Amino acid sequence: MRITATAVLGRAMSEAAPRLAGDMASSPSSNADAVQPVIVGWPTATVPESSSDERAGGSRLLEGLNPQQRIAVEYRGQALLIVAGAGSGKTSVLTRRVALLLEQREAWPSQILAITFTNKAAAEMRERVQALVGQAAQGMWISTFHSACVRILRREAEHFGFTKNFTIYDSGDQRALLKRIIKELEADAYGFTPSNTSAKISKLKNELSDVESYSRTINTNDPQELVFLQVFRKYTRALADANAFDFDDLISQTVFLFRAFPHVAAQYQQRFRHILVDEYQDTNHAQYSLIRELTRAPEAGTDQLATTRTEGASLTVVGDSDQSIYAFRGADIRNITEFERDFPGAKVVLLEQNYRSTQNILSAANAVISNNFDRKDKKLWTAVGDGEKIVGFTGYSGHDEAQFIADEIEKLRNAGTAYSDIAVFYRTNAQTRALEEIFIRAALPYRIMGGTKFYERAEIKDALAYLVSVANPADIMALRRILNTPKRGIGPATETALASFAENNGVTFREAMRRADALGLGPKVTSAILQLSALLDEAQAALDDAAAADRPTASATAVGDVLSLLMTKSGYLDSLRNSRDPQDEARAENVDELIAVTKEFAKNNPDGGIVDFLTEVSLVAAADDLDDATGSVSLMTLHTAKGLEYDAVFLTGIEEDLLPHRMSANEPGGPAEERRLFYVGITRARKRLYLSLAMTRAQYGETAVAMPSRYLQEIPAELIEWRQSPGNVNGRGGTQSRALNARRAPSSDRWSVRSLPEGASAGDTRFSGGSSKPETAWANRITAKVRDNGDLELVPGDRISHADFGPGRVNAVTGEGAKRIAHVQFESAGAKKLLIKIAPIEKLD
DNA sequence: TTGCCTAAACGAAAT
DNA sequence: GTTTAGGCAA
């Protein structure tokens, strides 16, 4: 997949672009005694255009709403919970609620804080509010939890030992740091790994534990706990020394800030009068606490105006406990289920009418989710009618399943559904491989959302580390990363020498680099360090000049210039271009792409500096680069799919151990969460829903037998039309019907139940090496190798033979070069489109 | 210190 | 299956 980062940023940026006219002074709390009441800063320019007839405006915003939606838009009070079933129009309700507040002049834009989970959702909300009320929407904070917190922390960082140019460590950075620490403390002897440690630290931070509070809870007789405490302490100190926050810190540190400095909190409590939170079911404890802090009534005496506001902000939360799928990230479903207890007097509005899907799809969703006990009963319904039946398909293998999907997509396309209205969902990113292989061969345009992200690529992290080293010289992790990238002959030994020099002389690591000649190292190494150091200084100076310049866009364009400078003068780009590794060429292109991203950033954010740029790239999310206008089928995980909708949806890999994932079995509430995930997937579909699975799935290099997911049986049989049911899958060319069944044979004859493959029982899903029968019977229909037919020339009329589809005749050839596509009519397999370059075909004479 | 090789480990979801 | 850790020669 090619990079879409430019588009991502372009959009994400527009959220921050209109500098808030009513924004708070840049560091209002630097002087605690001179707290400025926020109201002073609001220019009248942001006042909504006064509508001559506010009531008319109101009714315009209420148009087309059902009674419950209307209540949700109009209710005014301290706390409102909108329980919004899937597809019940909650975004519409949220945006209209905001628009109404603005239009009725109940709130200034700057008094509104709306929190969403992704930048994309934030951008969409902003657009929709803007469409309703125009310019009056400017100045609202519509952002994710994380970007809102970064914004606050950058302003207030100096209160607790950080500076505003702090770095944000993503999970990769976090693990790299932990890896070092675990090694230094030899904590691996106690079973600590970067991944389990980061999970544990993350969990603690989401519970608002810090090193001190955690140390009070541990059993001091348990050496393992003591070692972990050491790791945690060292990690925390390393972050502070590097002037860095990890993802979880962004939320928890903001809460700590508010708790430690009530006068700081008071500013935000006074400022935000209306707080709206989307996807409330996915908030974790830290996020919940943040909301609590923000909606608290400001402490008396902190407001210098006579017209002291004593009430806390009004809170509107929207959510659906049936769609809570982020428990693994610390989301606490109780935040929403106990909302009424948390906020006494809260109004609850239930939205059950669905405007998205057909009744068949909703009935399936309702049936599935009703198997989760311990939930408030809620039934989605629609007025649009039953619609098509759900289509089921069982393939012999993942490739077979993928082929079915590709064929169905072509059928849908021929029937008039655009590729961009079609999506394929899967549980794990690893499942994309089979889909991609088939889609490429079928010449189906597709896009993978999320997965390995642009910003996680090593070369991009390298390039960004250069920028970070300039923006935040305290960040030793970034410095270490670039120290020997490209290869300069600066190895671990030299690095240690620099670090101990810094420590012994009480200077920073960065300063030690400047004084490298005092280290007594070899001349080659010394000059390498000095050169790098000088380059970083040069970049820093260039940025300072730009900031000092009076041209409005100077600092933004400087980011790109500085990145170019760093990449060129460091020799990084050259080293990639001159490398023998053919992949390095693509890496160099990616670096160029990143430079292009900075240019795009400059265009969208004339005032943005290097720190703003780095913040943006740290917080882009998997779902953010969705661009439905590209005419491609969208592939994504079920998690990424939340909040999206498509005309046709393919839910793939509906198998035991995949959905529910085998890892979920050990976790309390695991199967229920997996069921919600399935539910989320089902409810993304507007008109057509396809459920597919495979009988064998190649994973981890082995082929394993797959069982139909238990959730399949929860869907009433009459809703599904099985093209090939799990009981009727025949091996290719074989006649024997092989039945596979879910763990327990259902008493009903939902699908014909025969016997399990010999030797395979429910608990034993892996073929032993000896039993080769399944492999031969269901050998992958597609070889994993990508072939290259090179310059195979085909013209209409040619006869060809395909490895899977057999003989056929070429009807037409379209496309250019490597993308030439043959339209072939096969004798038995029907019409297919094939990418000539890689299709397993031979020309017949 | 780098680069190349083999051996072994490791496989979920993501702001 | 892919990525990473470690060993060894240049």
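Each chain gets a letter, A, B and so on, in the order its sequence line appears, and its residues count up from 1. None of these values were measured; they are calculated from a predicted model.
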| note | Residues passing the salt bridge (charged side-chain N to carboxylate O under 4.0 Å, His left out) test with A:Asp320, sequence neighbours excluded, are A:Lys378

| said: Could you tell me how far apart A:Arg175 (CZ) and B:dA12 (C1') are, to the nearest whole angstrom? | reply: 12 Å

| query | Quick one: side-chain hydrogen bond (donor to acceptor under 3.5 Å, both in side chains) partners of A:Thr485, sequence neighbours excluded? | reply | none

| query | For A:Asn196, which residues count as a side-chain hydrogen bond (donor to acceptor under 3.5 Å, both in side chains) partner, sequence neighbours excluded? | reply | A:Thr193

| request: Could you list by number each residue of residues 324-336 of chain A showing a heavy-atom separation from DNA chain B of less than 4.0 Å, or answer none if no residue does? | output: A:Tyr326, A:Phe328, A:Arg329

| said: Applying side-chain hydrogen bond (donor to acceptor under 3.5 Å, both in side chains), can you list everything that pairs with A:Glu673, at least two apart in sequence or on another chain? | reply: A:Arg676

| task | Could you pull out all residues at least two apart from A:Glu667 that satisfy salt bridge (charged side-chain N to carboxylate O under 4.0 Å, His left out)? | result | none

| remark: Sorted by chain and residue number, the ring pair (Phe, Tyr, Trp, His ring centres under 6.0 Å) partners of A:Phe247 (sequence neighbours excluded) come out as A:His146

| note | Contacts of A:Phe166 meeting ring pair (Phe, Tyr, Trp, His ring centres under 6.0 Å) (sequence neighbours excluded), chain-then-number -> A:Phe245

Pairwise N/O distances under 3.5 Å, protein to nucleotides 1-3 of chain B:
| from | atom 1 | to | atom 2 | distance (Å) |
| --- | --- | --- | --- | --- |
| B:dT1 | OP1 | A:Gly491 | N | 3.4 |
| B:dT2 | OP1 | A:Asn484 | OD1 | 3.4 |
| B:dT2 | OP1 | A:Asn484 | ND2 | 2.7 |
| B:dT2 | OP2 | A:Asn484 | ND2 | 3.4 |

| said: According to side-chain hydrogen bond (donor to acceptor under 3.5 Å, both in side chains), who are the partners of A:Arg180, at least two apart in sequence or on a separate chain? | reply: A:Glu495

| Do any of residues 176-185 of chain A sit with a heavy atom less than 4.0 Å from DNA chain B, and if so which? | none

| message | Is it the case that the ring center of A:Tyr326 lies less than 6.0 angstrom away from the ring center of A:Phe328? | response | yes

| message | Applying ring pair (Phe, Tyr, Trp, His ring centres under 6.0 Å), can you list everything that pairs with A:Phe192, at least two apart in sequence or on another chain? | response | A:Phe228

